[in-house]
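What follows is one structure encoded as C-alpha cells, with my remarks underneath.
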Number of protein chains: 2
Amino acid sequence: MATGRSHRPATRSRGIPEATVARLPLYLRALTALSERSVPTVSSEELAAAAGVNSAKLRKDFSYLGSYGTRGVGYDVEYLVYQISRELGLTQDWPVVIVGIGNLGAALANYGGFASRGFRVAALLDADTALAGKLVAGLPVRHIDELETIVADSQVSIGVIATPAGAAQEVTDRLVAAGVTSILNFAPTVLSVPDGVDVRKVDLSIELQILAFHEQRKAGDEDRQEPDGDVPAVMPA
Amino acid sequence: MATGRSHRPATRSRGIPEATVARLPLYLRALTALSERSVPTVSSEELAAAAGVNSAKLRKDFSYLGSYGTRGVGYDVEYLVYQISRELGLTQDWPVVIVGIGNLGAALANYGGFASRGFRVAALLDADTALAGKLVAGLPVRHIDELETIVADSQVSIGVIATPAGAAQEVTDRLVAAGVTSILNFAPTVLSVPDGVDVRKVDLSIELQILAFHEQRKAGDEDRQEPDGDVPAVMPA
DNA sequence: CCATCTTTGTGCACGCGTTCACAAAGACAT
DNA sequence: ATGTCTTTGTGAACGCGTGCACAAAGATGG
Ligand SMILES: NC(=O)c1ccc[n+]([C@@H]2O[C@H](COP(=O)([O-])OP(=O)(O)OC[C@H]3O[C@@H](n4cnc5c(N)ncnc54)[C@H](O)[C@@H]3O)[C@@H](O)[C@H]2O)c1
Ligand SMILES: NC(=O)c1ccc[n+]([C@@H]2O[C@H](COP(=O)([O-])OP(=O)(O)OC[C@H]3O[C@@H](n4cnc5c(N)ncnc54)[C@H](O)[C@@H]3O)[C@@H](O)[C@H]2O)c1
C-alpha cells in the first residue's frame with residue numbers, strides 16, 4: 001500500500017488487478033506444497049480450499065494470467081507454479097537490504113523464508129557503530145553510510161526498514177536517492193516517497209487494534225442488550 | 001483478514017465499514033502525535049495529509065463515528081483521540097499471549113509499542129522445554145501446556161502466533177478451544193477457525209512478492225518496448 | 001463416434017469503497 | 001445583526017472486487 005501519494009488509481013498493472021496480485025503468492029504457496037507431494041493436477045475447488053479463497057475468484061484470477069487449466073481435469077501443478085513464479089518475478093534474484101538491525105531486523109535477517117523465494121539479503125545496515133562488523137545470521141552488520149555504495153554495487157531495488165519510527169523517513173529518503181524503488185516498512189510511520197516508488201507496510205500495532213475493535217464488538221453484543229450501547233457523544237467545549 | 005471462512009460479507013460492524021476501521025489506528029497515531037505537541041484542533045485536510053489519506057475519505061470515516069467536527073474550525077484533537085480510542089476498544093486492557101518464542105516471538109515480546117496502547121503481554125509460550133523459565137523481555141517463557149490455564153485465568157482473548165508454519169494450525173486449535181477469539185498469525189499458513197473467531201495475518205513473504213511483481217513491471221517497462229513482452233505461454237503436456 | 005460427466009472460463013449483477021463537489025454550518029470580524 | 005470566510009458533512013457517480021450461475025470445452029468410457 002503506497003502511503004505517500006495515494007493517487008495511484010488502483011494500478012491495474014498489465015491488466016492484472018491489484019487484488020489478484022496480492023493473492024498470487026497465496027496460490028503459489030499452496031501449489032508448492034502440492035508440488036512437493038508430487039500431486040500432478042489440482043482443481044480450482046481444491047486449490048481454492050487450500051488457499052482459503054472462493055473457487056470462482058481463483059479461476060478469475062488465473063484467467064488474468066491466461067488460460068492454463070484443462071476443463072474436466074484442472075490445473076497442471078508444476079506448470080502453474082512456473083507461470084505464477086514468472087508473473088511475480090520470482091524467476092530472478094532480488095537483492096534486499098535490511099536497515100535497522102535491532103530486535104526485529106535481526107529476526108528478519110535470520111528468517112529462512114527470505115532466501116527461499118529469490119530474495120537474497122545483500123546487506124544489513126545500522127547506524128549504531130557498536131554493531132558494525134558484528135555477525136547476524138552469518139552476515140556482518142555494516143554502517144549506514146555504506147548504503148549508497150551497497151545499493152549501487154549490488155543493484156538493490158528493494159529495501160526493508162526496521163529502524164525506530166523517527167529514523168524511517170530519513171532512511172527512506174536515502175534509500176530512494178540511492179536507487180531503491182520498493183520499500184517494505186516495519187516502522188509505525190507514514191512514509192513519503194516520490195511517484196514510482198512502492199511502499200508496503202507491516203504494522204503490528206494496527207493489526208492488534210483492528211482485532212481489538214472486533215473483540216470489543218463481540219463482547220458488547222453478548223453483555224448488554226440495549227439497542228444503543230454506547231455513549232451518545234457530545235462535543236465537550 | 002479472516003482466512004478460514006471468508007463468507008463474512010464485509011462485516012459492516014455497527015455500521016462502521018471495515019475499511020474505515022482499518023484506518024482508525026492510523027488517524028489515532030497522527031492525532032496522538034498532535035496531542036503531544038499540544039495542538040488543540042486540526043482540519044481534515046491537515047490530518048489527512050499526516051495520515052496519508054484523502055481528506056474526503058477521512059471526513060466520511062469520522063462521520064461514521066458521529067459528528068465530532070466544528071465547521072470552519074476542524075476537529076478537537078483531544079476529543080477525537082478519546083472517541084477513536086473508545087471506538088477501537090483501547091480504553092480497556094487487552095491481555096495477549098505470544099506463542100512461539102523464537103527469533104520473531106522474542107522480537108515481538110521486546111516490542112515497546114505493544115504495551116503502549118493497552119495491549120499487555122500476559123504470557124510467552126513455547127513448546128521447547130529448554131526455553132522454559134528463560135526470561136525474555138522480563139517475562140519467563142512458559143510451556144505450551146500451560147496455555148489453557150493461562151488463557152482462562154488471565155481472560156486472554158487475543159493470541160499471537162509466531163511458531164513455525166507446521167505448528168500454527170495446532171496452536172490455533174488450542175487457542176480457540178481455550179477461549180481465544182482473535183488471532184494474529186505470523187506463520188505463513190492459512191488457518192482454519194470457526195465462525196466468530198477473527199484471524200489477521202502478517203506475511204513478510206507475501207509482501208516481498210507483491211513488491212517484486214511491481215518491481216519487475218517497472219524494470220520491464222523501461223527495458224523492452226515490444227508491446228507483448230512475455231512468453232505467450234503454451235500448455236506443456 | 002457419440003454420450004456423459006467434470007471442470008473451466010466468464011457474463012452479469014451487486015455491493016463496497018473512493019472521490020468529487022457543494023450546500024450548510026458555524027466562527028469571527030465589523 | 002450581518003456578512004464573509006473557512007471547513008465540515010454528505011449526496012451522487014463511478015470503479016473495483018466478489019460471487020453466482022451457466023455455457024462451452026474437453027476428458028473419458030462405451
Ligand atoms: N520488535 C518488533 O516486534 C516490532 C514489531 C512491530 C514493529 N516494530 C518496529 O520496527 C522497528 C524496529 O523495532 P526493534 O524492536 O527492532 O527496535 P530496536 O531499537 O531493537 O532496533 C532499531 C535499530 O535501528 C537502528 N537505527 C536507529 N536509527 C537508525 C538509522 N538512522 N539508520 C540505521 N539504523 C538505525 C538502531 O541502531 C537499532 O539497532 C521500530 O520502528 C518498531 O516500532 C517492531
Ligand atoms: N523471523 C522472521 O523475521 C519472520 C518473518 C516472517 C515470518 N516469520 C514466521 O514466523 C514464525 C516464527 O519465525 P522464527 O524465525 O521466530 O522461528 P524460530 O524457529 O526462531 O521460532 C519458532 C519457535 O516456535 C517454537 N515452537 C515450535 N512448535 C511449537 C508449538 N507447537 N507450540 C509452541 N511453540 C512452538 C519453537 O520452539 C521456536 O522457539 C515462522 O512461521 C516464520 O515463518 C518469521
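A, B, ... follow the sequence lines: proteins, then strands. Residue 1 opens every chain.
Considering OH of A/Y68 and CD1 of A/I84, their distance stands at 9.5 Å, rounded to 0.5 Å. In this structure, CD1 on B/I158 lies 5.0 Å from CZ on B/F119, to the nearest 0.5 angstrom. Here A/I183 contributes atom CD1 and A/T172 contributes atom OG1; the two are 4.5 Å apart, rounded to the nearest 0.5 Å. Rounding to the nearest 0.5 Å gives a distance of 4.0 Å between CG of B/D61 and CZ of B/R23.
Protein atom OH of A/Y75 is 13 Å distant from nucleotide atom C1' of C/dT6, rounded to whole Å. As rounded to whole Å, 14 Å separates atom P of D/dT8 from atom CG of B/D61. For the pair A/F62 CZ and C/dG9 P, the interatomic distance rounds to 10 Å; values are reported in whole Å. Rounded to an integer number of Å, the gap from CG of A/L58 to C1' of D/dC20 is 16 Å. Remark: P of D/dG17 and CZ of A/R23 are 8 Å apart, rounded to the nearest angstrom. Rounded to whole Å, the distance from CD1 on B/I16 to P on C/dG17 is 12 Å. In this structure, the CZ atom of A/R59 is 13 Å from the P atom of D/dA21, given to the nearest Å. Between the NZ atom of A/K57 and the P atom of C/dT8 there is a distance of 17 Å, rounded to whole Å.
Closest-nucleotide positions on DNA chain D for A/A56 and B/A56 were compared, and the one nearer the 5' end corresponds to B/A56. Nearer the 5' end of DNA chain D, as judged by each residue's closest nucleotide, is the contact made by B/E45, out of B/E45 and B/K60.
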**Complete:** Its contact letters, B for base, S for sugar-phosphate only and - for none at protein heavy atoms under 4.0 Å, make nucleotides 23-30 of chain D read -BB-S---
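In this structure a side-chain-to-backbone donor-acceptor pair under 3.5 Å is missing from A/E45 to A/S55.
Proximity of A/S44 to the phosphate of C/dT8: a side-chain N or O atom is located under 4.0 Å from OP1 or OP2. The phosphate of D/dC20 has OP1 or OP2 within less than 4.0 Å of a side-chain N or O from A/N54.
Side-chain proximity of B/E18 to the nucleotides D/dG17, D/dT8, C/dG17 is greatest for C/dG17.
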**Request:** Evaluate the salt bridge (Lys or Arg N to Asp or Glu O under 4.0 Å) criterion for residues A/D203 and B/R29: first the C-alpha distance (whole Å), next the side-chain angles of each, then the deciding distance (0.1 Å), finally the verdict.
**Result:** CA-CA 12 Å; A/D203 198 317; B/R29 185 175 288 157; 2.7 Å; yes
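Residues that satisfy the side-chain contact (heavy atoms from CB on, under 4.5 Å) test with A/A165, not counting sequence neighbours, are A/P188, A/T189.
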